[in-house]
Structures are given as C-alpha cells and as structure tokens.
Undergrad: 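Sending over a structure as structure tokens; questions will come in a sec.
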Protein chains: 2
Amino acid sequence: MCEQLTLRNSEMHKKKLQNSKSIPIDDPKPLYQQVKKHVMDHIQSREWEVHSRIPSEHELVAELSMSRMTIHRALRELTQEGVLKRIQGVGTFIAAPKQGATVLNIPNIKDYVTSRGSNYSCVVQFHQTDPLSAKDALTLGLKEGEDIYRTYIIHKENGIPVMLEDRFTLPDMLPDYINQDFTKILVDYFFASRCAFLNHDHQLSVQMSTQEIHHFMELDLPTPCLCLYRRTWSGNTLLSTARLLYPGQKFALTC
Amino acid sequence: MCEQLTLRNSEMHKKKLQNSKSIPIDDPKPLYQQVKKHVMDHIQSREWEVHSRIPSEHELVAELSMSRMTIHRALRELTQEGVLKRIQGVGTFIAAPKQGATVLNIPNIKDYVTSRGSNYSCVVQFHQTDPLSAKDALTLGLKEGEDIYRTYIIHKENGIPVMLEDRFTLPDMLPDYINQDFTKILVDYFFASRCAFLNHDHQLSVQMSTQEIHHFMELDLPTPCLCLYRRTWSGNTLLSTARLLYPGQKFALTC
DNA sequence: TAGTGGTCTAGACCACCCG
DNA sequence: GGGTGGTCTAGACCACTAG
C-alpha cells in the first residue's frame, strides 16, 4: 500500500516535470496538496485511526520523496484545519472529530431579504442621544444618566416589518455615528467601514411580543419572537449593543 | 516609520540570536508572526487602507531583512484569515472587512448544561424503527412507508427538561444505530465516532409549544420555543435530521 | 519583458520530549 | 542522546499579469 502510493507520487513527479515543458497534461495539483489528500485518504479509509500516530515528517520525506518543508506545510495546514494534532518532540496524531460544535451563520437582514427576491427597506424610528436608564446602564457597564446614542430601526420586506433593531452605541469611539442616515447604510456596514477589526458576541433567546413590538412590527396577535442580542467590539472596546427581534418566522440557515 | 520598523526588526533579530545562546530574555515570537503583526499594525493604524496594495514580497524581504519564505508564510496565513487578498502577477491587497456575517456557536446540550455547573441527564422516550409518514418522507426526500429510525430524547438540567430532540436517522449508513444507548452517549458523539468528516446544516425558527411539547417538557403554559432543525451529512449522504426544541429561555452564546 | 505571487528544495538550528 | 516538530534561509523554477 505504501509502496503503491510512493509509486503514484513519483509518477506525479514525472508529470510535473513534463508539465514544466509547458505541456499541461492533466493539471497536477501542488505537492503539498497531494500530501494533504494522501493523509486525508488514510484517515477516511480508517487505515489511520483517531488518536493514532501518523508517520513523522522525516518518514514522509523518505516515503514520498519530497522536501521536509513541503511535508511540513501539508501537515501544518491540516493541523490548522483541525484534522491533525501535533506535539513537538512527540509526533503527529489524528485529532478527535469536532463534536457538537454547532455553528449557525446568519446573514445580515438586507442580504437575507434581497436573497429571497424581496424588496428591502427600513424606517428609522429614533436616532438620538439619550440619557441611560438604570437598567441599560447595568447591561452596558456604564453609569446611569450618561449620554448614549440610541437607534431604533424597523427593517421591512416588501414593506412588511420583519425585524426590529434597538441599538445603543457608545459616543466616544464614533462621534459621527449620530450624523449617519441608516436608511442609506446598514449600521453594521458603517462599523465595518470605520473599524478594521470588529468582533461580535451574541446571545439568543425567545420571547413573546410586547405591546411595543406589536406597535412597531404591526402585529395584532401575541407572537413568539426570536431575540438576538449582539455586542460589537473593536478589539476590547465595546462599540455598540443591539437587540434584534425577529417575530415568529423562519429566518436563518446555512452551515 | 518604515525605517523605525526595520530597526525594531533587526533588534528582534538580535534578541533571537541572544536567545539562541539559551538566555531567553523576553520570548521573541517567530519572525513570520512578527511580519503578520507588522502588517496588521499598518492596517489597524489606517496607514494601509482597504483595497490598497501593500509592498510586494520582494520589497518586504528587503525592508525587513528576512527570507522570502518567511514573508510568504506570513502573507499566506493572513490571506487564509481573510485579511489580505493576493493576485498572482499583480500584488497583495487589503481585503474588504467581512460584513454582516453573523456566526453563532451553539455548544452541544450536555456541555452547555455542565458548563453552567448543573447536572445533565436525559430520558430516551422512543428509539425504534418507524414507517415514514407522508409529511416526513417529503422532508427527507424518501418514500412514504419506508422504514426509518426515530429517536425521541428529553434532555434535562438538574432533572428539569430543557431540550427536546426528535430525530430521524437513515438506517442504511449506520445499521448499529438502533442498538445504541443514547442515555450513555450523545447522538452527535456517536456519529462523530463512526464518520470521519461530518457536516451539518441548520435552520432556526420559533414556534409556540404544542400539546406534545407540553407533555414531554413538563410545561403548563403555552411557551415560545426556539426550534433548531439540523441535518447531519457524511459527505453528500444524509445521515440524520433532528428537530431540537428549546422552550423559551436563553440558551446559547459566544462568537 | 519585468515584476508579481505560488511552489519546492536542501540544509540548518532550535526547543521539546522521552528513554 | 536521538527523534520529534517549529522555524528560517538562499536559491530556484514556475504561472500569471501588465506595460
């Protein structure tokens, strides 16, 4: 088996040499990618089991007749991808499969609406400087009564409200925030245009619609709502918090 | 500015040489990481703007007095991380910041419960072979009446139901699925132990609790529920679908 | 044709782990 | 001390893009 693979690889090497005479035959992939596939094949075929040790770089260099840097790059990338686990001075092992890490990718509201072939619009209900209430001050880690920007936007699909955005933004970092017209640019886009490396954290919950939600979302009946609480940071500095309310409808997918 | 950085880097080089005399002074990082930081600093300070071209590998080699492989590794990793965009024959550019891609990372239920310091347990209500109903057959892309494994589990935190798992699993791929004791092993862990490369897709929605949910989740009042519909694949082959119901409570965060 | 990024090599030094 | 992975170099050949 190993011998067979060695042969295959030396054949590939020949093809590469042929290819260098500018006679592209069948697009041989880079060697490091072949090594990655070689390792993946052994894992998928169960020949190399989870947690077991795979050949060292030195052994793969000998087996596949490549330089150590090429082998190393392949193994390093597989390690970055979570397939392998490497321990200096010990060896390279098959990593345990990731378990239970469930990732949801929620597109922004405008892309989501337009991707459904619908018309996107929004109405900015408030966009002003407010003194902080005691409750909000607690959440934001600020003092009661301090000034903060508050923005309240209803996002619509074909004119029908689909999402309520209730946002607090700290004035220190982005003083021109309050002058923006958020019917023209999404708040997230504005942040992305001003700050190079944003990060977010999120908290997901469900709640029944309140009177306030009924009013702005044009609802008649009590409706379960998905509530996404998002904080936006630039490095370790909090920029903004948002409560995003999606009244009871399927709204997100992928990955 | 550039000169200053070159100086800083040659100083680091000296430190590295000192360090090689086994006198670790202040843990100098690998050169390629210094290059990454060098680039990131220029981006964060706005010195290099979005979409603008940054110095070529050759220029960075001269500026920072490093080998091209080291420069190349730094720029390649930043490209993989989405910070840069490289075009062969043209140059290296600052990538546009990712916008609106909101990612939620939901831990598995057992880790979630235990991470809160609570006691995890579960009850398997059904675990049997069922003929497919017309509606479920449609969702799964199978024929009505075909046999399928159905598993119905109530997950509990300190004895109180917190999540309902209603799962259909195709019998072809994992014939010993039906013999598992899912009070001992999470279904996701079982899949991970049998299939090397799993992927999932998800759909999120909210719904009001039904009579069925009231009964199994020990609810008295109608409650909004978060419903996560998850499909599990091995390559392009569907393994299992699950409806995961979390009655109205905060349940997930991070990233 | 000159400059760019993509890949690959052969060799080197290092920190780390283990017997 | 011998084997492992982590890093780095100097040089090479290539495909690609643009003037």
Side-chain angles (χ1 to χ4, degrees), chain A residues 9-10 12-25 27-37 39 52-80 83-95, chain B residues 9-10 12-25 27-37 39 52-80 83-95:
Chain A
N9 269 279
S10 37
M12 286 177 174
H13 211 69
K14 280 180 197 164
K15 276 184 197 165
K16 189 191 143 221
L17 292 177
Q18 288 177 346
N19 199 15
S20 70
K21 297 184 202 168
S22 68
I23 310 174
I25 299 183
D27 182 35
K29 286 189 180 173
L31 291 181
Y32 76 92
Q33 286 188 20
Q34 295 178 28
V35 176
K36 287 175 74 170
K37 184 170 186 308
V39 174
S52 67
R53 192 171 163 281
I54 77 170
S56 71
E57 294 189 353
H58 184 71
E59 288 166 335
L60 286 172
V61 163
E63 181 189 341
L64 303 178
S65 305
M66 294 177 197
S67 95
R68 192 180 150 223
M69 278 295 276
T70 303
I71 302 292
H72 179 77
R73 175 170 175 185
L75 300 185
R76 171 159 43 81
E77 291 194 0
L78 286 175
T79 304
Q80 285 168 342
V83 174
L84 300 177
K85 181 172 165 59
R86 317 197 75 190
I87 306 174
Q88 198 176 80
V90 181
T92 302
F93 303 85
I94 310 291
Chain B
N9 268 278
S10 37
M12 285 175 174
H13 209 70
K14 280 181 197 163
K15 278 184 195 165
K16 189 191 139 218
L17 291 176
Q18 289 176 347
N19 199 14
S20 70
K21 298 184 204 170
S22 69
I23 310 173
I25 299 181
D27 182 34
K29 286 190 178 172
L31 291 182
Y32 76 91
Q33 286 187 21
Q34 295 179 27
V35 176
K36 286 175 75 170
K37 184 169 186 312
V39 174
S52 68
R53 193 172 163 283
I54 76 169
S56 71
E57 294 190 352
H58 184 73
E59 289 166 335
L60 286 172
V61 164
E63 181 187 342
L64 303 179
S65 306
M66 295 177 196
S67 94
R68 192 180 151 223
M69 279 296 277
T70 302
I71 302 292
H72 180 77
R73 175 170 175 183
L75 300 186
R76 171 158 44 81
E77 291 193 359
L78 286 175
T79 305
Q80 285 168 343
V83 175
L84 300 177
K85 181 172 167 59
R86 316 197 74 190
I87 307 173
Q88 199 177 79
V90 181
T92 302
F93 304 85
I94 311 292

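Here the structure is a predicted model, which means the values were calculated and not measured. Side chains are part of it too, since the values below use all heavy atoms of this structure and drop only hydrogens, waters and symmetry mates. Sequence lines set the chain letters: A, B, ... in the order given, protein chains first and strands last, and positions in each chain run from 1.
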Undergrad: Just wondering, do A/R73 and A/T70 contact through their side chains at under 4.5 Å, heavy atoms?
TA: no

Undergrad: D/dA10, OP1 or OP2 - any side-chain N/O from B/R68 closer than 4.0 Å?
TA: no

Undergrad: Please report, rounded to the nearest Å, how far the C1' atom of C/dG5 is from the NZ atom of B/K85.
TA: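 Answer to the nearest Å: 13 Å.
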
Undergrad: How do A/R76 and B/M69 order along DNA chain D: which one's closest nucleotide is nearer the 5' end?
TA: A/R76

Undergrad: All N/O contacts under 3.5 Å from nucleotides 16-19 of chain D to the protein, with atom names and distances to one decimal?
TA:
{"from": "D/dC16", "atom 1": "O4'", "to": "B/Q88", "atom 2": "OE1", "distance (Å)": "2.9"}

Undergrad: At under 4.0 Å, does any side-chain N or O of A/R53 touch on OP1 or OP2 of D/dT4?
TA: yes

Undergrad: Less than 4.0 angstrom between a side-chain N/O of B/Y32 and OP1 or OP2 of D/dT7, yes or no?
TA: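 Yes, B/Y32 has a side-chain N/O under 4.0 Å of OP1/OP2 on D/dT7.
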
Undergrad: Rounding to a whole Å, what distance do you find between A/H72:NE2 and C/dT9:P?
TA: 14 Å

Undergrad: What is the distance from NE2 of A/H58 to P of C/dC16, rounded to the nearest Å?
TA: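 Going from NE2 in A/H58 over to P in C/dC16 covers 23 Å.
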
Undergrad: Between C/dG5, C/dA10, D/dT7, which nucleotide gets closest to the side-chain atoms of B/P30?
TA: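 So the nucleotide nearest the side chain must be D/dT7.
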
Undergrad: Decide yes or no for B/E63 and B/H58: does some side-chain heavy atom of the first lie under 4.5 Å from some side-chain heavy atom of the second?
TA: no

Undergrad: Rounded to whole Å, how long is the line connecting atom NZ of B/K29 with atom P of D/dC8?
TA: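 Spelled out: NZ on B/K29 to P on D/dC8 is 13 Å.
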
Undergrad: Could you work out, with salt bridge (Lys or Arg N to Asp or Glu O under 4.0 Å) as the rule, every residue matching B/R68, not counting sequence neighbours?
TA: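 B/R68: salt bridge (Lys or Arg N to Asp or Glu O under 4.0 Å) contacts with B/E57.
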
Undergrad: Answer with base, sugar-phosphate or nothing: what part of the nucleic acid does A/R73 contact at a heavy-atom distance below 4.0 Å?
TA: sugar-phosphate

Undergrad: Check whether any side-chain heavy atom of B/K29 sits under 4.5 Å from a side-chain heavy atom of B/K36, and report yes or no.
TA: no

Undergrad: With a 4.0 Å cutoff (strictly under), does any side-chain N or O of B/S67 reach OP1 or OP2 of D/dC8?
TA: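 The answer is no; no side-chain N or O of B/S67 sits under 4.0 Å from OP1 or OP2.
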
Undergrad: To the closest 0.5 Å, what do you measure between CG (A/L75) and CD (A/Q80)?
TA: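 Between A/L75 CG and A/Q80 CD, I get 11.5 Å after rounding to 0.5 Å.
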
Undergrad: Looking only at heavy atoms, which two atoms of A/F93 and A/I87 are closest? And how far apart?
TA: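 Of all heavy-atom pairs spanning A/F93 and A/I87, the closest is CE1-CD1, 4.2 Å.
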
Undergrad: Does a side-chain N or O from B/T92 land closer than 4.0 Å to OP1 or OP2 of C/dT4, or not?
TA: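 B/T92 to C/dT4 OP1/OP2: no side-chain N or O under 4.0 Å.
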
Undergrad: Five pairs per end, C1' atoms only: what is the angle between the end axes of the helix from C/dT1-D/dA18 to C/dC18-D/dG1, to 10 degrees?
TA: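 It works out to 0° between the end axes.
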
Undergrad: What is the distance, rounded to the nearest whole Å, between atom CD of A/E57 and atom C1' of D/dC8?
TA: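 It is 14 Å, rounded to the nearest whole Å.
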
Undergrad: Given atom CG of B/L75 and atom P of C/dT4, what is their separation to the nearest angstrom?
TA: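 Computing the B/L75:CG to C/dT4:P distance gives 13 Å.
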
Undergrad: From the list D/dC8, C/dT9, C/dG6, which nucleotide is the closest neighbour of the side chain of A/M66?
TA: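 The nucleotide sitting nearest to the side chain is C/dT9.
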
Undergrad: Among D/dT4, D/dC8, C/dT7, find the nucleotide with the atom closest to the side chain of B/T70.
TA: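 Comparing D/dT4, D/dC8, C/dT7 against the side chain of B/T70, the answer is D/dC8.
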
Undergrad: Could you tell me whether the side chain of A/I94 reaches within less than 4.5 Å of the side chain of A/V83, counting heavy atoms only?
TA: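 Side-chain contact under 4.5 Å: no.
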
Undergrad: From CD of A/Q80 over to P of D/dG5, roughly how many Å is that when rounded to an integer?
TA: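 In whole Å, D/dG5 P and A/Q80 CD are 16 Å from each other.
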
Undergrad: Are A/Q33 and A/E77 close enough that some pair of their side-chain heavy atoms sits under 4.5 Å apart?
TA: no

Undergrad: Taking the side chain as everything from C-beta on, heavy atoms only, tell me whether A/M66 gets closer than 4.5 Å to A/V61.
TA: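 With C-beta onward as the side chain, the pair stays apart.
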
Undergrad: Between atom CG of A/L84 and atom CG of A/L78, what is the distance when rounded to the nearest 0.5 Å?
TA: 5.0 Å

Undergrad: Give the rounded distance in Å between these two atoms: CG of A/L60 and C1' of D/dG3.
TA: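 To the nearest whole Å, that distance equals 15 Å.
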
